[in-house]
Protein chains: 4
Amino acid sequence: MECSLDTKPRWERRKDARPQELLAAAIDLFVERGFASTRLEDVARRAGVSKGTLYLYFENKEELFKAVVRNSIVPVIGDAESSVAEFDGHSAELLRSVMMGWWDRIGAHKVSGIIKLVTAESGNFPELAAFYQEEVINRGTRMISSMLERGIARGEFRPVNVTQVTQVLIAPMLMLVTWKHSVGPCEQGSLEPLAFLDAFLDIALHGLLPGTGATQSTAA
Amino acid sequence: MECSLDTKPRWERRKDARPQELLAAAIDLFVERGFASTRLEDVARRAGVSKGTLYLYFENKEELFKAVVRNSIVPVIGDAESSVAEFDGHSAELLRSVMMGWWDRIGAHKVSGIIKLVTAESGNFPELAAFYQEEVINRGTRMISSMLERGIARGEFRPVNVTQVTQVLIAPMLMLVTWKHSVGPCEQGSLEPLAFLDAFLDIALHGLLPGTGATQSTAA
Amino acid sequence: MECSLDTKPRWERRKDARPQELLAAAIDLFVERGFASTRLEDVARRAGVSKGTLYLYFENKEELFKAVVRNSIVPVIGDAESSVAEFDGHSAELLRSVMMGWWDRIGAHKVSGIIKLVTAESGNFPELAAFYQEEVINRGTRMISSMLERGIARGEFRPVNVTQVTQVLIAPMLMLVTWKHSVGPCEQGSLEPLAFLDAFLDIALHGLLPGTGATQSTAA
Amino acid sequence: MECSLDTKPRWERRKDARPQELLAAAIDLFVERGFASTRLEDVARRAGVSKGTLYLYFENKEELFKAVVRNSIVPVIGDAESSVAEFDGHSAELLRSVMMGWWDRIGAHKVSGIIKLVTAESGNFPELAAFYQEEVINRGTRMISSMLERGIARGEFRPVNVTQVTQVLIAPMLMLVTWKHSVGPCEQGSLEPLAFLDAFLDIALHGLLPGTGATQSTAA
DNA sequence: GATGAATGAGACTTCATTCAT
DNA sequence: GATGAATGAAGTCTCATTCAT
């Protein structure tokens with residue numbers, strides 16, 4: 001009876017799998033070579049299809065890239081947003097769990113290369129930059145800001161400048177991916193990411209707790 | 001008396017200035033557009049010469065880039081090395097002055113874009129990466145490591161894992177340039193670099209001083 | 001009783017209708033975009049079938065075009081040939097009725113776009129040109145020539161150079177379709193086709209009647 | 001002394017000649033194959049240069065085409081405008097001389113293929129159509145209309161609807177080029193252009209003269 | 001030294017046609 | 001019959017590099 005659930009002929013199942021195969025090939029090559037230097041022919045070849053086939057599924061190179069982002073990063077943001085909405089403990093715990101979770105779900109994986117790629121090339125591809133800003137940066141920023149506001153509202157954080165602190169919190173994540181995809185591979189053993197994040201959080205959260213005398217609005 | 005300092009006729013001074021004019025044009029465009037996307041024709045035009053002339057002074061695009069690096073970053077490293085060698089105060093002071101000096105001499109200027117460029121594109125240009133590793137990263141790393149070793153030897157720092165701590169110290173500088181040349185331009189007001197470095201140094205130096213109970217070898 | 005005229009089940013009627021649906025879609029697009037620029041995928045989509053299905057009915061793009069011509073222009077020529085054969089009035093009347101009928105049956109309709117298309121693109125598609133020459137131009141030319149010969153034989157026309165006068169008579173029709181499908185859409189109100197044809201016929205027939213002193217062999 | 005007039009080295013003279021060589025090759029191929037079907041590589045090869053060279057002189061295919069039009073048709077229009085402005089005989093004579101001159105300067109030459117090309121393909125290249133409309137059609141139309149207005153103002157023509165009569169006068173020219181570049185090559189001996197124009201002018205001018213009882217506003 | 005014309009490999013994208021299901 | 005996924009040749013345009021003058 002188990003075959004009754006899939007009545008599609010094989011080639012059709014193949015078709016359903018194609019976009020994923022292409023996206024998998026694309027993320028590999030985008031991460032490896034960047035956006036501009038990745039040739040669509042290589043993406044196609046790695047997915048085991050011809051150049052033209054790629055265009056059956058993606059309108060052009062930029063759309064392929066957007067699809068990669070939508071497929072790899074955006075869902076993780078959605079999950080994180082849900083977690084944030086449901087969480088009901090101390091805001092410091094929430095912040096810590098989100099940032100450590102970011103490393104587990106994004107930072108440690110290939111997909112982190114996409115973040116590095118965007119910082120590296122967005123200047124040359126404005127439409128891509130705009131898309132990424134909208135779909136990733138804005139949502140991520142809103143999420144972090146909302147955690148800060150939650151903490152302030154509940155009296156768990158000092159009333160800091162939310163915009164600035166948000167960016168300070170983004171900084172170490174940006175650094176980790178930059179490091180990982182540039183100097184990291186040339187260096188051995190250095191910069192243990194989890195320890196780094198842990199240390200960063202110790203400092204940052206300490207600066208956010210109420211009652212401490214920090215006066216800098218950025219709280220770093 | 002005005003001619004005593006330079007007895008060459010004007011056109012010859014012009015000729016001698018060519019490489020500098022080309023390097024100035026090149027750094028502008030490399031920083032603005034990255035290595036691969038910068039067209040040599042644009043470099044030549046900005047320097048007010050023809051494309052062919054560029055090849056009289058630089059063998060090819062990669063050599064031009066190397067010359068830009070040698071011209072802009074390497075001297076600053078040399079100066080810093082001298083300062084380190086001559087310094088005779090407390091190692092924590094030395095470390096602080098080198099990193100704040102890095103911001104004044106490099107981070108705050110256009111040339112910081114070269115650092116970002118290398119992190120962004122070295123994957124696609126191995127020879128460039130090797131050159132930069134040799135001329136900049138290795139020397140910079142050695143310099144920082146030597147400061148740490150000096151501090152340890154003089155009993156001013158705890159005996160930490162020098163290699164790892166070196167990279168931890170590099171990290172905030174890398175972050176600042178990455179930020180400045182990617183998300184920075186899209187955000188307003190955030191991440192005041194000097195405050196950020198100051199805060200970082202407070203923490204890092206605190207972790208390096210002897211007598212504090214930190215046990216993590218990365219000391220971050 | 002409703003089924004007595006068509007005993008086939010609906011899907012079979014549908015199947016029989018396929019070629020016509022495809023031809024209808026094809027003529028629309030050929031007229032709109034020309035031969036080379038019409039994509040078979042668009043033809044198929046407009047007919048509501050897949051690209052592959054189109055190839056079940058037509059060997060390739062050229063055969064599809066030939067079928068369009070056979071389906072739309074050729075029958076009209078056949079009808080005209082019959083009319084000519086049966087007509088027994090004055091040859092001038094015959095000529096006039098054929099040309100005005102051409103406007104009613106072809107010139108005023110979408111199918112006139114096919115004529116324009118052929119003049120526009122036959123240079124790039126020799127096989128198409130040969131087919132059209134054979135199926136349309138030769139037959140049309142023969143028909144017009146035969147009317148002239150009839151008129152001369154019956155003493156209703158002067159003995160003119162039939163070949164040349166035939167082409168002079170074709171010219172205004174060619175002009176009308178060219179105009180209609182190129183500059184026409186950009187201009188308002190101008191060139192009323194029926195008035196134009198009428199005026200042309202007045203002149204041409206006047207030149208063909210015996211007893212007038214015209215000496216030019218083209219009789220225009 | 002004859003060499004004193006040209007002090008340029010040969011390659012520079014070559015450079016000056018390049019655009020003309022390319023335009024000559026381009027007009028040949030555009031006329032032969034149309035706009036869409038002409039490959040830039042073929043244009044380059046015919047001019048004896050490589051593909052890339054073409055792009056040194058013309059930004060893209062459309063600009064090349066515009067340059068061809070500017071180079072071949074536009075000057076003739078300018079000349080005609082001057083002739084019209086200077087003419088001081090009877091308007092009928094002026095009209096006749098302009099239309100016969102059009103045949104001598106344009107209709108009889110390769111460049112007439114450009115006119116046919118535009119009627120054939122403008123639907124698929126709106127920017128091209130707009131350019132041609134502006135640079136050729138509008139100017140040509142204005143010129144013809146001005147002749148009609150001149151004739152009416154001087155009492156040499158009846159007060160007709162200028163817009164419509166202008167288009168009627170354009171029609172035979174359009175027909176001649178259409179014929180010449182489509183069916184013409186397949187037919188022998190037919191449609192003697194000068195005789196055709198002559199006959200057309202006889203009729204049209206007769207219809208324009210005052211005192212004749214024609215009542216149709218288009219005067220055809 | 002200086003020029004800038006010329007090259008040609010290589011990238012993206014399109015579309016008629018085929019064929020396994 | 002019907003589908004639509006897959007192919008790959010072909011076309012436009014870019015740009016690092018060369019070289020005759």
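Just so it is clear: chains get the letters A, B, ... in the order the sequence lines come, proteins before strands, and each one is counted from 1. The figures that follow rest on heavy atoms only: side chains count, while hydrogens, waters and symmetry mates do not.
- With hydrogens and angles ignored, the 3.5 Å screen pairs a side-chain donor or acceptor of K61(B) with a backbone N or O of A36(B).
- The 5' end of DNA chain F is approached more closely, in terms of each residue's nearest nucleotide, by K61(D) than by the other of K61(D) and F35(B).
- Look at R18(C) and you'll find a side-chain N or O under 4.0 angstrom from OP1 or OP2 of dA2(F).
- Nearer to the 5' terminus of DNA chain E, by closest-nucleotide assignment, is the contact made by A36(A) (compared with the other of E62(C) and A36(A)).
- Pairs engaging residues 25-38 of chain D under the side chain to side chain donor-acceptor pair (under 3.5 Å) rule: D28(D)-R46(D), D28(D)-K110(D), R33(D)-D42(D) [sequence neighbours left out].
- dA20(F) atom C1' lies 17 Å from atom OH of Y55(B), rounded to whole Å.
- Judged by closest nucleotide on DNA chain E, T38(A) is the one of T38(A) and T53(A) placed further toward the 5' end.
- A44(D) approaches S50(D) most closely through the heavy-atom pair CB-O, 3.5 Å.
- Put simply, CD on E21(A) is 12 Å from C1' on dA5(F), counting in whole angstrom units.
- When each of G52(C) and G52(A) is assigned the nucleotide of DNA chain F with its nearest heavy atom, G52(C) is the one assigned upstream, toward the 5' end.
- One atom, CG of L40(B), and another, P of dT14(F), lie 16 Å apart when rounded to the nearest Å.
- Considering only side-chain atoms of R39(A), the nucleotide from dT17(E), dT3(F), dG10(E) that sits closest is dG10(E).
- Nucleotide dG4(F) holds its P atom 13 Å from the CG atom of L56(C), rounded to whole Å.
- Remark: P of dT18(E) and CD of E63(C) are 13 Å apart, rounded to the nearest angstrom.
- Of the charged side-chain nitrogens involved, none lies within less than 4.0 Å of a carboxylate oxygen, so that E59(C) and K66(C) do not count as a salt-bridged pair.
- The distance between atom NZ of K51(D) and atom C1' of dT12(F), rounded to the nearest whole Å, is 8 Å.
- Look at CG on N60(C): it is 8 Å from P on dT18(E), rounded to the nearest Å.
- One can place CD of E41(D) at 15 Å from P of dG10(E), the figure rounded to the nearest angstrom.
- Considering only side-chain atoms of Y57(B), the nucleotide from dT7(E), dA2(E), dA16(E) that sits closest is dA2(E).
- Out of dT18(E), dT12(F), dT7(F), the shortest distance to the side chain of S50(A) is found at dT7(F).
- Across all non-hydrogen atoms, the minimal contact from Y55(D) to L40(D) is OH-CD1, 3.0 Å.
- In this structure, dT21(F) forms a base pair with dA2(E), meeting either the Watson-Crick or the G-U wobble geometry with both donor-acceptor distances under 3.5 Å.
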